[in-house]
Amino acid sequence: GAVVSQHPSWVICKSGTSVKIECRSLDFQATTMFWYRQFPKQSLMLMATSNEGSKATYEQGVEKDKFLINHASLTLSTLTVTSAHPEDSSFYICSARGTSGSLSFGPGTRLTVT
Amino acid sequence: KQEVTQIPAALSVPEGENLVLNCSFTDSAIYNLQWFRQDPGKGLTSLLLIQSSQREQTSGRLNASLDKSSGRSTLYIAASQPGDSATYLCAVLAGNQFYFGTGTSLTVIP
């Protein structure tokens with residue numbers, strides 16, 4: 001139980017384009033989902049907290065207009081990286097909070113912007 | 001603000017050894033503590049979840065303990081195997097936010 005999927009697992013895009021990443025809780029409902037980015041050999045950096053039906057809460061220093069988050073249902077949250085640049089290349093991971101308070105992570109999405 | 005620290009940052013042991021990873025947090029008012037492993041280029045896999053009212057959890061060769069009053073948790077790995085090589089992260093849930101440690105990179109040498 002408590003499985004979280006992400007799609008796509010990896011994506012390469014050209015600078016200036018937008019990329020959408022999906023995060024789904026497959027066998028449970030998640031009122032809260034979290035988005036992280038991770039640079040090589042570094043720990044997770046929380047970008048934003050996504051609550052179903054309301055606006056996401058962004059961490060300090062994260063541009064909300066660049067990283068658009070939509071949590072339209074209890075099983076789906078999306079992160080759209082708008083006008084991507086090479087410095088946005090990173091590993092993006094989502095997680096979902098279950099009813100027991102446990103955290104389940106998706107497998108991550110490797111974004112490369114050329 | 002809650003701060004989570006993991007010691008050591010890196011650990012290398014020969015196969016078969018028992019080992020202990022440490023996690024400390026500054027505020028004892030936590031809801032739960034969770035241990036994860038992360039393989040290179042992959043997401044996080046949950047290993048053990050300890051609720052604040054519990055003192056330990058066991059799964060196979062893994063045993064995690066929690067001492068809220070001292071702000072510490074340990075992850076004990078018995079009879080380590082090369083497949084245990086990964087980065088291990090602990091996270092505490094406090095309020096409505098998760099706080100992650102910096103991780104311990106474990107290498108088990110065959």
Side-chain angles (χ1 to χ4, degrees), chain A residues 1-10 21-26 28 30-52 54 56-60 89-112, chain B residues 1-11 21 23-25 29-54 57 59 64 66 68 73 85-107:
Chain A
V3 178
V4 177
S5 70
Q6 271 184 252
H7 179 79
S9 56
W10 59 271
I21 303 170
E22 293 186 349
C23 176
R24 293 181 185 272
S25 56
L26 298 184
F28 68 104
T31 55
T32 305
M33 289 184 173
F34 304 88
W35 287 96
Y36 307 82
R37 66 187 297 180
Q38 185 179 37
F39 292 106
K41 297 187 178 181
Q42 295 188 22
S43 190
L44 300 172
M45 184 192 82
L46 179 65
M47 298 176 66
T49 301
S50 167
N51 293 295
E52 186 267 337
S54 64
T57 303
Y58 290 82
E59 295 299 300
Q60 192 171 9
S89 298
S90 187
F91 192 54
Y92 292 87
I93 309 176
C94 73
S95 67
R97 179 179 173 179
T99 53
S100 66
S102 66
L103 204 56
S104 297
F105 282 82
T109 297
R110 173 75 57 193
L111 170 64
T112 301
Chain B
K1 182 183 176 183
Q2 181 73 264
E3 291 185 7
V4 183
T5 307
Q6 288 185 247
I7 295 173
L11 181 64
L21 306 180
C23 172
S24 61
F25 45 96
I30 64 171
Y31 183 72
N32 63 38
L33 184 145
Q34 201 165 354
W35 281 93
F36 300 89
R37 72 171 278 169
Q38 185 178 29
D39 294 287
K42 300 290 180 64
L44 276 68
T45 300
S46 179
L47 298 173
L48 290 164
L49 168 69
I50 311 177
Q51 301 291 352
S52 62
S53 58
Q54 299 174 324
Q57 284 288 326
S59 176
L66 174 64
K68 260 188 20 172
S73 175
S85 298
T87 296
Y88 290 80
L89 293 143
C90 68
V92 298
L93 174 59
N96 194 36
Q97 198 164 348
F98 289 91
Y99 298 87
F100 283 86
T102 47
T104 293
S105 177
L106 173 66
T107 302

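These numbers come from a predicted model, not from an experiment. So that the names make sense, note that chain A is the first sequence line, chain B the second, and so on, each numbered from 1.
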**Q** Can the ring centroids of A:F105 and B:F98 be said to lie less than 6.0 angstrom from one another?
**A** no
**Q** Do A:L103 and B:L93 have side-chain heavy atoms sitting under 4.5 Å apart?
**A**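 Sidechains of B:L93 and A:L103: no contact.
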**Q** Between chain B and chain A, are any donor-acceptor pairs under 3.5 Å, and how far apart is each one to 0.1 Å?
**A**
| from | atom 1 | to | atom 2 | distance (Å) |
| --- | --- | --- | --- | --- |
| B:N32 | ND2 | A:G101 | O | 3.1 |
| B:Q34 | OE1 | A:L103 | N | 2.9 |
| B:Q34 | NE2 | A:L103 | O | 3.0 |
| B:Q38 | OE1 | A:Q38 | NE2 | 3.0 |
| B:Q38 | NE2 | A:Q38 | OE1 | 2.7 |
| B:G43 | N | A:P107 | O | 3.1 |
| B:Q51 | NE2 | A:S100 | O | 3.2 |
| B:N96 | OD1 | A:R97 | NH1 | 2.3 |
| B:G101 | O | A:S43 | OG | 3.3 |

